[in-house]
2 protein chains.
Amino acid sequence: MQRSSPKKDAILREATKLFSENGYWDTSISDIAHATGVAEGTIFYHFHSKEELFLAVLQKFKTELISSFHQFLDTHEFADGLEMLEASITFYLQQTRKMEERFLLLHRHHYYQIAEDNQKCWHHLEDIYSSLISIFEQAIIKGQKDCSIKPVSTKNKALLIFTLVDGLVRLNTYKLYRADELYNDLIESCRSMLQSTT
Amino acid sequence: MQRSSPKKDAILREATKLFSENGYWDTSISDIAHATGVAEGTIFYHFHSKEELFLAVLQKFKTELISSFHQFLDTHEFADGLEMLEASITFYLQQTRKMEERFLLLHRHHYYQIAEDNQKCWHHLEDIYSSLISIFEQAIIKGQKDCSIKPVSTKNKALLIFTLVDGLVRLNTYKLYRADELYNDLIESCRSMLQSTT
DNA sequence: TTAGAAACTGAATGAGTACTCAGTCAAAAA
DNA sequence: TTTTTGACTGAGTACTCATTCAGTTTCTAA
């Protein structure tokens, strides 16, 4: 019978923090063990390898992120598609702030490197991205039905909007520019990309 | 007196290739030495450390990239600002294809990590990004003078356009989506973001 | 021709690393 | 109570890797 193991959760929590602060390679198992207050062996008792631990962090992020999106869509009503799109962008930016560390981790390159020869990792990334993009896509589809959005390739426009929003998040995390100040311009740009000119 | 050292160039060339293929941590000095056909010691004769070699790759990229932009602007005439912007986007996408490895390296996260406590690295990144963004900005300024582009905050719009274009490049390098197919939508979106509605 | 400097070598070093494993401990099952 | 089993430990192992350095080769200026 499985007994409860609070240390497993603690390890996952500290690993998330350290990986996103310092990256995969600059975080040693010994660092994580120290931060958690656990022996190194304990980490390997719960996770077969460092890479598996790293993937467990991604996996947990994925489930929490996707469920937060479902909750968002289930609990909100929108007047029209364009409003839904704007609300989705705002919600997305909120999430990136709330789950800041893990979005940073997502933007780091190492997951993409692992994904090259690890299908599981690739699927996690794909799931995350498609769930992000699909919110925008659903809004565009709705908007095209109610004519608040002009007829365009929904998939492609959703990708471009996603790219735009996610690019801002990246500029922010890298601290290259103050992305906050771009919020109004972002919304306005999306509107002119999509709005029916009636 | 300094003698010519073809091996230094060869090291830099192979390092660029290996770093962009496998990343910083998965590329050892011994790998680079083997690939170049040089003893490990030779690398440390020319570069004080692995990190310095990594930065030398960035430095070289920066100078070549910036000079290619200057050449582009010096040798082209544009009917109006909007045309200049479209041409700049096309040129930028061309460059990312021509310097594919190095753009991949730029998108990898490790430079940003080093930049956190290495001013030199931070300046390289800043120079690269501002030179990229300034092309778009110049086009927008020109377009506002000749009224092909509506009056907007040039800096912010340039950032958003950059974000959009660069996002596509990233989607491409990560092979998450076929970004080629988005080219037309990209241009069209930029146009509706900027075009005067006259 | 030769001294001296620059370019280059590669074995040795030592710091760090992921991971193993024999064994301890505590709680649940018998 | 005794036995079993899952959770946990941490010293030990095997290995990788950046960096060093004493020495060799190659070039050039005098």
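These numbers come from a predicted model, not from an experiment. All heavy atoms count here, side chains included; hydrogens, waters and symmetry mates do not. Every chain is numbered from 1 and lettered A, B, ... according to where its sequence line falls, protein lines coming before strand lines.
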Is it true that, when you exclude Lys17(B) itself, more than 12 heavy atoms of the residues, nucleotides or ligands shown sit nearer than 6.0 Å to its NZ? no
Check whether any side-chain N or O of Tyr45(A) sits under 4.0 Å from OP1 or OP2 of dC8(D), and answer yes or no. no
Looking only at side-chain atoms of Ala39(B), point me to the closest of dA18(C), dG10(C), dT9(D). dG10(C)
From the list dT9(C), dA18(C), dC8(D), which nucleotide is the closest neighbour of the side chain of Pro6(A)? dC8(D)
To the nearest angstrom, how far is Lys50(A) atom NZ from dG16(C) atom P? 15 Å
Between Asp166(B) and Arg170(B), is there a salt bridge with N-O shorter than 4.0 Å? yes
Tell me whether the side-chain N/O atoms of His48(B) come closer than 4.0 Å to OP1 or OP2 in dA18(D). no
Can you tell me the distance, in whole Å, between the CZ atom of Phe47(A) and the C1' atom of dC19(C)? 15 Å
Rounded to the nearest 0.5 Å, what separates atom CD in Gln59(A) from atom CD in Glu52(A)? 10.5 Å
Please report whether the ring centroid of Phe91(A) lies less than 6.0 Å from that of His76(A). no
Gap between atoms CD and P, on Glu52(A) and dA18(C) respectively (whole Å): 15 Å
Look at Lys7(A) and dT9(D) and indicate whether a side-chain polar atom (N or O) is within less than 4.0 Å of OP1 or OP2. yes
Please report, rounded to the nearest Å, how far the C1' atom of dA7(C) is from the CG atom of Asp9(B). 14 Å
Rounding to an integer number of Å, can you tell me how far Ile43(B) CD1 sits from dA18(D) P? 9 Å
Just to confirm, is there a sub-4.0 Å distance from OP1 or OP2 of dT9(D) to any side-chain nitrogen or oxygen of Thr42(A)? yes
Checking dC19(C), dG10(D), dT19(D) against the side chain of Glu40(A) (C-beta onward), the nearest is dC19(C)
Cation-aromatic face contact Lys50(A)/Phe19(A), 6.0 Å, 45 degrees: no
DNA chain D contacts among residues 12-34 of chain B, heavy-atom distance under 4.0 Å: Thr27(B), Ser28(B), Ile29(B)
Aromatic ring proximity Phe61(A)/Phe103(A), centre distance under 6.0 Å: yes
What's the CZ-P distance between Phe54(A) and dA18(C), to the nearest Å? 13 Å
With Ser68(A) as partner, the option from Lys98(A), Gln95(A), Gln94(A) fulfilling side-chain hydrogen bond (donor to acceptor under 3.5 Å, both in side chains) is Gln95(A)
